[in-house]
Amino acid sequence: MLTAAQVLAQNNFGNTRSGGLAGPMGLFLIILLAIVTVLLIRNMNSRLRRLPERFPVPGEDAQAGAVEAEALAVDAVARPTESGGKPADSTEQQARR
């Protein structure tokens with residue numbers, strides 16, 4: 001009966017003729033990595049095709065939001081006041097429509 005120390009102390013580094021799985025296992029890993037790489041490239045290409053051709057410039061988007069906010073503020077001031085004497089909120093008026 002072999003103990004754990006005897007199994008660990010056994011020198012099998014020079015014996016490559018019996019039970020050698022390094023070659024087939026290495027080939028399997030190389031083929032597996034190649035397949036995974038091909039699938040990854042296909043997935044990334046399909047995701048890139050779904051992206052828009054151009055993205056909006058962040059500065060222009062902020063300017064458009066500021067123009068919309070200014071237009072809503074002007075719209076709220078230009079509308080008639082409620083019975084309480086204060087200007088009507090534009091969101092309340094839109095909810096009433």
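Only a predicted model underlies this, so the values are computations on that prediction, with no experimental measurement involved. Numbering starts at 1 and runs along the sequence shown.
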Is there side-chain contact between Arg42 and Ser46, with at least one heavy-atom pair below 4.5 Å?
no
Partner set under side-chain contact (heavy atoms from CB on, under 4.5 Å) for Ile30, not counting sequence neighbours
none
Please identify which of these residues, Leu39, Val38, Leu32, meets the side-chain contact (heavy atoms from CB on, under 4.5 Å) condition with Ile35.
Leu39
Is it true that atom CE of Met25 has more than 12 heavy atoms of other residues, nucleotides or ligands lying nearer than 6.0 Å?
no
